[in-house]
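Below: one structure, written as structure tokens.
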Amino acid sequence: MQWLDRARTWARGIKRDVVVLWLAARDRRVPWYAKLAAGAVAAYALSPIDLIPDFIPVFGYLDDLVIVPLGIIAVIKLIPADVLAQLRIEATKRTERPVSRGGLIAIIAIWVLLAALLLWMVIGATAVR
């Protein structure tokens with residue numbers, strides 16, 4: 001289970017760093033060449049179009065596991081350290097999800113109501129025949 005925890009931590013770091021790159025591409029303190037590279041890597045990471053399609057066995061996820069992290073590492077080295085630290089704090093704030101039990105209950109209630117409505121419509125349609 002220890003490797004699973006490390007994998008989760010690594011994945012959260014990658015997710016945060018993609019947001020860092022997205023923020024860096026818009027930050028005026030970042031040099032233009034770093035902005036260009038950050039925008040390209042963030043766009044590729046967030047794009048549904050991959051260099052290697054995901055349906056190809058084994059190699060399909062190769063870009064997600066190798067190309068994107070290498071791009072992130074390369075671009076992060078182009079961003080000034082003080083700016084990077086501030087962007088990471090901002091990215092962490094943006095990627096943290098607040099937990100809302102009320103929202104969860106509302107979504108479940110909507111789905112239950114929609115299912116009940118659909119069931120009522122199906123039963124009503126079969127009763128008419």
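Sequential numbering from 1 along the given sequence is applied to the chain's residues.
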>> Going by the rule side-chain contact (heavy atoms from CB on, under 4.5 Å), which residues pair with R28 if we only count those two or more places apart in sequence or in a different chain?
In response: none

> What residues, two or more places apart in sequence or in another chain, satisfy salt bridge (Lys or Arg N to Asp or Glu O under 4.0 Å) together with R29?
Replying inline: D27

> Hydrophobic clusters join Ile, Leu, Val, Met, Phe, Trp and Tyr when side-chain heavy atoms are under 4.5 Å apart, directly or via other members; which others share one with I89?
Replying inline: none

> OH/Y33 to CG/L36 distance, rounded to the nearest 0.5 angstrom?
Replying inline: 12.0 Å

> With R88, which residues qualify under side chain to side chain donor-acceptor pair (under 3.5 Å), at least two apart?
Replying inline: D17

> Taking all non-hydrogen atoms of both residues, which atom of V83 and which atom of V30 are closest, and how far apart?
Replying inline: CG1-CG2, 3.9 Å

> Who pairs with A37 by side-chain contact (heavy atoms from CB on, under 4.5 Å), at least two apart in sequence or on another chain?
Replying inline: V75, L78

> Sequence neighbours excluded, which residues qualify as side-chain contact (heavy atoms from CB on, under 4.5 Å) partners of R12?
Replying inline: R8, T9

> Which atom names give the shortest non-hydrogen contact between V18 and A42, and what distance separates them?
Replying inline: O-CB, 4.2 Å

> Who passes salt bridge (Lys or Arg N to Asp or Glu O under 4.0 Å) against R94, sequence neighbours left out?
Replying inline: E90

> Minimum heavy-atom separation for A38 to A24, with atom names?
Replying inline: CB-CB, 4.3 Å

>> Assigning hydrophobic clusters by single linkage (Ile, Leu, Val, Met, Phe, Trp, Tyr; side-chain heavy-atom cutoff under 4.5 Å), is I72 placed with L46?
In response: yes

> side-chain contact (heavy atoms from CB on, under 4.5 Å) between L21 and I76: does it pass, once the steps are laid out?
Replying inline: CA-CA 8 Å; L21 295 184; I76 282 179; 4.3 Å; yes

Please list every donor-acceptor pair under 3.5 Å in which a side-chain atom of residues 107-118 meets a protein atom from a residue at least two apart or in another chain.
none

